[in-house]
> 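Sending over a structure as structure tokens; questions will come in a sec.
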Number of protein chains: 2
Amino acid sequence: MKPVLDYRVYLVTDTVYFNDANIWNKMDAALRGGVTLVQYRDKTQESRILYERALKMKALCDKYKVPMLVDDRADIAFAVGAAGVHVGQSDLPAEVARHMLGADAIIGVSAHNAEEALAAEAAGADYLGCGAVYPTGTKKDTSVIGVEGLKAIRAVTKLPFVGIGGVTLANYRDVLNVGADGAAIVSAILSADDIESTVQKFVQLSL
Amino acid sequence: MKPVLDYRVYLVTDTVYFNDANIWNKMDAALRGGVTLVQYRDKTQESRILYERALKMKALCDKYKVPMLVDDRADIAFAVGAAGVHVGQSDLPAEVARHMLGADAIIGVSAHNAEEALAAEAAGADYLGCGAVYPTGTKKDTSVIGVEGLKAIRAVTKLPFVGIGGVTLANYRDVLNVGADGAAIVSAILSADDIESTVQKFVQLSL
């Protein structure tokens, strides 16, 4: 059966954080703080390293009973038994990921506007990742759609969606207020001085 | 049912050749010349580009009824209906690729010595890619095992295997003479002035 995900505080990793040997303690702190969903995103490594890190990440998520998705790589998602995959516009088509992972897998799709949101819905996406909501240092090549962009997407689809890109404690409520089901967060969690309490604050704001 | 592959003249692509818009004509010439097997290897692109190129390559191979394997990426192999995947020591473990692609898929594994050959056999590999037999410009970080290295591998396994790395028309027979079932060839075919006749010469030498 397809799991029902809680998209409120959706932690996304990024390659740069894996240069820090402390990443696993940071992930543990984030999970302890209450992130509701994790995406393992790590773009630039050899497949064996991705597989080993994804396995380790999955074990950590399992410990906290938090579902994990994998960015881009349906093979890695399958290999570690992740709940599904998140595909961007330059990754495998959503239909292909669905065919590979099956009806019960969660397939998330990046959408930058209403047109891409509708196409993703037609392709069988379970949720959308929409942004960049705000300017972000993590993905420098992405255009900023603002909360107005999220509103336009909310107007055309009933699919769950999260805002992504530059979301912080200061603007998180604004993202929810335009109808997003949550936010995908990278730096505001993984670069925080106190990760656990930062996540707790996001969770508090989501209630 | 698992296909029986002909490993004699096994053409492997490499990322660098896709910078040349003429790659598709070159592949067509190689297939016309009689390559017996094709591996789509293309390491550095976004998944969508890999998928689109693999689809195109698969259609071309189908035209000549030549099986195609995909390097490293089991998801791309699955997505385009390739015969299987070739995994190196830094790619997904062979068992994981097998689990993903099923019993009828061809799983090839790179082996640099007898120990890795035996491990690959135990992991369920269908064939081995062994080398580098000779120095090669395509993979600069690989150590050279020579035909003596191939002999040592032949001595411990009955699995089909191909020599890879620096194989040319001048040394191809030496590779077969130590018991290899064929050779995986990159530059000696794709950089040839007359690709079709070069492949025909490899095929002649293999008889």
Side-chain angles (χ1 to χ4, degrees), chain A residues 15 39-56 58-59 69-82 84-102 105 107-112 116 119-120 123-125 139 141-142, chain B residues 15 39-56 58-59 69-82 84-102 105 107-112 116 119-120 123-125 139 141-142:
Chain A
T15 308
Q39 180 188 131
Y40 171 59
R41 184 171 77 185
D42 188 6
K43 280 283 191 194
T44 57
Q45 296 296 331
E46 291 179 325
S47 294
R48 182 68 65 100
I49 294 175
L50 296 183
Y51 171 65
E52 288 168 355
R53 286 181 182 167
L55 266 185
K56 194 165 171 177
K58 177 66 164 54
L69 304 172
V70 176
D71 174 64
D72 179 16
R73 294 286 298 264
D75 51 352
I76 303 292
F78 180 94
V80 304
V85 70
H86 185 94
V87 291
Q89 299 286 328
S90 58
D91 298 333
L92 282 184
E95 301 90 328
V96 172
R98 168 72 65 207
H99 180 54
M100 194 172 324
L101 297 177
I107 309 291
V109 177
S110 300
H112 305 92
E116 287 181 4
K139 280 199 173 184
D141 56 344
T142 305
Chain B
T15 308
Q39 180 187 131
Y40 171 59
R41 184 171 77 184
D42 189 4
K43 280 282 192 195
T44 56
Q45 296 296 331
E46 291 179 325
S47 295
R48 183 69 64 98
I49 294 174
L50 297 183
Y51 171 65
E52 288 168 356
R53 286 181 182 166
L55 266 185
K56 193 165 173 177
K58 177 66 165 53
L69 304 172
V70 175
D71 174 65
D72 179 16
R73 295 285 298 263
D75 50 352
I76 303 291
F78 180 95
V80 304
V85 70
H86 184 94
V87 290
Q89 299 285 328
S90 58
D91 299 332
L92 283 184
E95 301 90 326
V96 172
R98 169 71 66 207
H99 180 54
M100 194 171 325
L101 298 178
I107 309 291
V109 177
S110 299
H112 306 91
E116 287 181 3
K139 280 199 172 184
D141 55 344
T142 305

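Side-chain atoms are counted along with the backbone in the values below, which use heavy atoms only and exclude waters and symmetry mates. Chain naming here is simple, since letters A, B, ... match the order of the sequence lines and numbering starts at 1 in each.
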> Under 4.5 Å heavy-atom distance to chain A, tell me which part of B:Ile76 shows up: side chain, backbone, both or neither.
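For B:Ile76, the side chain is the part near chain A, not the backbone.
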> Is the shortest heavy-atom distance from the side chain of A:Leu50 to the side chain of B:Leu92 under 4.5 Å?
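When only atoms from C-beta onward are counted, B:Leu92 and A:Leu50 do not touch, as no gap falls below 4.5 Å.
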> Give me the atom names and distance for the closest heavy-atom approach of A:Met100 to B:Phe78.
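Shortest heavy-atom contact: CA-CE2, 3.4 Å.
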> To the nearest 0.5 angstrom, please state how far the CZ atom of B:Arg48 sits from the CD atom of A:Gln89.
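Here the rounded value is 6.5 Å.
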> Quick one: NZ on B:Lys43 to OG on A:Ser47, what's the gap to the nearest 0.5 Å?
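Result: 6.0 Å between the selected atoms.
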> Counting heavy-atom pairs under 4.5 Å to chain B, which of A:Ile49, A:Leu101, A:Val87, A:Asp91 comes out on top?
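Top option by heavy-atom pairs under 4.5 Å: A:Asp91.
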> Based on non-hydrogen pairs under 4.5 Å, which of B:Pro93, B:Ala97, B:Ala79 is most in contact with chain A?
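The option with the most such pairs is B:Pro93.
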